[in-house]
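Sequence lines set the chain letters: A, B, ... in the order given, protein chains first and strands last, and positions in each chain run from 1. None of the values given here were measured: they were computed from a predicted structure.
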Amino acid sequence: MKKSVFIIVLILSGCFNTEIWGQKVNVFPKKTDPLHKKVDMFDRLMLGNHWNEGAIMQRVIFPPAGLNRPIIGPQADCLDPTSELLAAYSHKYAITKDEKDREIANQIFEAILKLEKVTGVSGLVARSFNQTDKPLWHEETFWYHEWHQSSSMPGYRWLGDLSADKFTSIFYGVGTFWELCADENYKTQAAGLLDRFIGRVVDDNFKLTDLDGKMTLWGNFCPDLPHQELNSLEMLAALKVTHHITGKERYNAAYHMLIDRYNYDDHQINSKILFPEEWRNVGDDYHAARSLYMIMRYEKDPSLLLKYKMNLNRHWYDWKDMEFDFESSIWFIMVYQVLTDENIMTEERQLAIKNMWGFERKTKEYNVPQKDGTFKKIKSEEEGTAAAMIRNYWFGRYYGLIDAKW
Amino acid sequence: MRKLIINILCFFSYVIVFGQTTPEPPEGMVYVPAGNFIMGSENGDPDEKPKQIATTEAYFIDKYEVSNTEFAKFDPTFKFSEEKKNNAAIVTWSQANAYATWAGKRLPTEKEWEKAARGTDGRIFPWGDTYDNTYVVWDQKSTRGTSIAKPESIYGCFDMAGGVWEWTSDWYQPYPGNTTPMEQYGEKYKVMRGGSNFNNHSFIRSSHRYYLLPEKISAYPVGIRCVKDVD
């Protein structure tokens with residue numbers, strides 16, 4: 001009798017967990033499916049398997065190496081898919097006007113608010129979080145290692161050392177949400193978040209500082225310190241977006257101070273390293289593309305626009321011949337067309353858009369540390385992100401570059 | 001006769017002066033003379049303040065970071081791939097300290113490291129105040145001293161900006177006069193310097209300080225550059 005009750009409880013607890021967390025969605029599209037069907041199915045996979053209280057996991061490792069909750073997987077770049085899906089649903093809502101789409105965008109935005117709240121410091125945003133009291137095995141396995149127990153949200157741990165590329169994810173994602181999707185209440189919240197987040201960087205002399213007060217590993221936009229040309233572009237774009245959204249003069253003043261006194265407008269032109277060719281970095285191009293997309297639509301000064309166009313042209317020199325082996329490289333083409341109004345959509349590029357793909361589920365072996373200090377090899381399924389592909393799709397639909405029938 | 005005496009005196013003066021001030025460095029090392037230099041920065045992190053005049057005795061310092069091959073002479077169990085035999089070794093603080101002792105040298109203090117990197121004039125980088133990617137070893141596929149521009153510090157050291165981080169002997173402590181509280185100050189973290197390839201430009205500034213648990217390097221490539229006292 002006791003044994004049968006135990007078994008029933010065990011089965012029910014299994015069902016309960018599955019119902020609560022919804023892992024896993026297991027239905028994949030076929031490569032031959034039309035684009036809209038592929039996007040829809042990858043969207044279900046992302047919302048079902050990668051949803052971490054509204055934040056989106058870049059890669060998820062399933063049980064047994066992973067856990068249903070907290071989610072296991074590398075988390076350093078979670079703000080990228082989070083902002084991509086936020087932008088995707090913002091563009092989607094702008095087309096469908098469906099409140100269900102808006103609600104998903106709202107929940108993703110609230111997760112970014114939670115990324116700030118979990119740090120306990122106004123304007124300091126975490127790379128990612130996990131609901132757990134104890135360190136998880138992947139914290140020491142995957143880059144970065146700057147995990148903290150939250151003092152402001154008991155039962156959560158968060159990953160620090162935010163970088164310039166995640167800084168870009170925030171103003172790009174939140175800016176797009178504000179522009180296309182947020183109602184008045186959420187517009188106010190979005191403006192408040194950017195005011196605190198970008199305001200803190202401005203107050204720290206254009207440095208992203210961490211909990212310890214030191215500049216993060218990749219958080220340097222400071223006019224008094226040497227930094228990458230790309231970072232000058234990102235800082236100008238962040239200030240432009242934040243001024244546009246908050247209406248606060250301090251961001252306009254900071255923007256023009258960096259231009260007038262420190263020549264950031266000239267410095268940013270060379271964001272793209274063109275030579276030697278092996279130094280070309282498609283990952284950096286993504287941050288430049290997001291920054292240029294935001295700043296070039298908001299800037300009205302013709303002389304500044306010419307300089308941003310120079311930057312875009314230097315990127316285009318490489319993008320025009322690029323192979324579409326990176327999920328965002330096709331997005332560069334779309335961004336270029338949106339910003340320049342040049343029709344550069346060749347048949348080959350259209351085909352690349354139609355062939356967009358998310359990810360394959362793979363099985364990998366993980367070296368999982370055990371409590372006694374040893375390691376155990378555990379095989380588990382894992383999957384990457386399709387957020388960029390979904391964003392690309394709704395971005396293209398919004399700008400009329402993708403046909404709904406594709 | 002008088003001319004000959006003057007010439008002899010000049011010769012001995014030359015030998016005495018240069019014999020004392022520029023002793024012959026051991027193989028693979030360069031000489032750093034005693035004296036003052038500008039240490040710290042007002043524009044960097046709070047722990048780099050205050051910018052100050054600091055002093056060192058004379059010392060020798062390795063021209064390059066210690067390579068995998070060199071480290072393996074000390075520890076034959078140290079594993080590395082053949083194509084990385086001339087790359088900088090990546091080790092814990094204990095390994096670095098043990099290697100330095102074995103080599104008859106020691107790890108530099110923060111003062112010694114910073115002076116060897118930036119000279120006396122307070123420059124930002126070993127070569128001056130501007131930056132270009134060609135000045136540093138771009139990635140860890142490359143070996144030591146193989147940046148395109150191959151800049152040397154004023155004393156002749158390579159890769160004190162970029163390459164791998166470098167251990168110092170010092171605990172992470174505030175500079176005298178620094179009033180910014182840091183809970184990390186104390187005898188828990190060792191200071192590493194010089195930045196690695198995987199950093200923004202500011203981290204390879206010669207005054208930049210970073211703290212790390214001595215035995216936990218999985219997130220950072222940290223290597224060794226030794227110093228030796230001048231007898």
Side-chain angles (χ1 to χ4, degrees), chain A residues 76 138-148 151 159-165 167 204-232 234-235 262 267 270-276 278-281 283-284 287 367 369, chain B residues 41-49 51 123-125 127-136 138-139 141-142 147-148 161-162 165 172 174 178-185 189 191-192 195-213 216-221:
Chain A
H138 71 283
E139 293 181 7
E140 288 295 321
T141 305
F142 300 120
W143 179 266
Y144 284 68
H145 299 186
E146 310 286 334
W147 283 91
H148 308 273
S151 55
L159 182 59
D161 213 79
L162 200 73
S163 55
D165 47 345
F167 169 90
D204 280 340
N205 196 19
F206 304 93
K207 298 175 197 168
L208 264 174
T209 54
D210 213 353
L211 197 61
D212 62 5
K214 285 174 73 68
M215 187 166 65
T216 63
L217 209 56
W218 291 99
N220 178 16
F221 312 94
C222 178
D224 297 318
L225 295 172
H227 59 265
Q228 287 93 328
E229 291 87 347
L230 174 59
N231 292 25
S232 289
E234 290 167 339
M235 193 67 236
Y262 296 103
H267 196 239
N270 293 330
S271 298
K272 172 78 177 174
I273 298 173
L274 282 169
F275 304 104
E278 61 267 28
W279 287 6
R280 295 179 187 180
N281 184 332
D284 281 351
H287 316 314
N367 219 9
Chain B
S41 167
E42 290 300 320
N43 295 323
D45 283 339
D47 61 1
E48 296 172 46
K49 296 176 184 176
K51 196 171 182 178
R123 61 184 57 186
I124 295 174
F125 299 110
W127 52 81
D129 289 345
T130 59
Y131 175 86
D132 189 86
N133 287 336
T134 62
Y135 299 177
V136 295
W138 182 250
D139 57 39
K141 292 175 195 162
S142 308
S147 69
I148 290 173
W165 292 90
Y172 184 54
N178 182 296
T179 55
T180 306
M182 285 279 289
E183 66 179 53
Q184 289 80 6
Y185 285 146
Y189 299 97
V191 177
M192 56 181 188
S196 75
N197 60 303
F198 189 59
N199 291 138
N200 83 59
H201 304 173
S202 185
F203 276 56
I204 62 170
R205 291 177 302 110
S206 301
S207 62
H208 184 263
R209 314 171 71 199
Y210 214 68
Y211 58 88
L212 193 64
L213 289 169
K216 191 177 170 186
I217 58 163
S218 53
Y220 298 95

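For L225(A), the part lying under 4.5 angstrom from a heavy atom of chain B is the side chain only. Only the side chain of D161(A) comes within contact range of chain B, with at least one heavy atom under 4.5 Å from a heavy atom of that chain. With a 4.5 angstrom heavy-atom cutoff, T134(B) touches chain A via backbone and side-chain atoms both. For S163(A), no part lies under 4.5 angstrom from a heavy atom of chain B. Using a 4.5 Å cut-off between heavy atoms, H145(A) contacts chain B through its side chain alone, with no backbone atom that close. Proximity to chain A (any heavy atom under 4.5 Å) is restricted, for I148(B), to the side chain, taken from C-beta onward.
Here W218(A) pairs with F198(B) under the ring-ring contact (aromatic ring centres under 6.0 Å, His included) rule; sequence neighbours left out.
From Y135(B), atom OH reaches atom CG of N133(B) across 10.5 Å, with rounding to the nearest 0.5 Å.
Residue pairs that meet the salt bridge (charged side-chain N to carboxylate O under 4.0 Å, His left out) test with at least one member in residues 211-221 of chain A, sequence neighbours left out, are K214(A)-D45(B), K214(A)-D47(B).
Shown here is E42(B), whose CD atom has more than 12 heavy atoms of other residues, nucleotides or ligands within 6.0 Å.
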Please assess E229(A) against S271(A) for the test side-chain hydrogen bond (donor to acceptor under 3.5 Å, both in side chains), listing each intermediate value before the final yes or no.
CA-CA 5 Å; E229(A) 291 87 347; S271(A) 298; over 6 Å; no
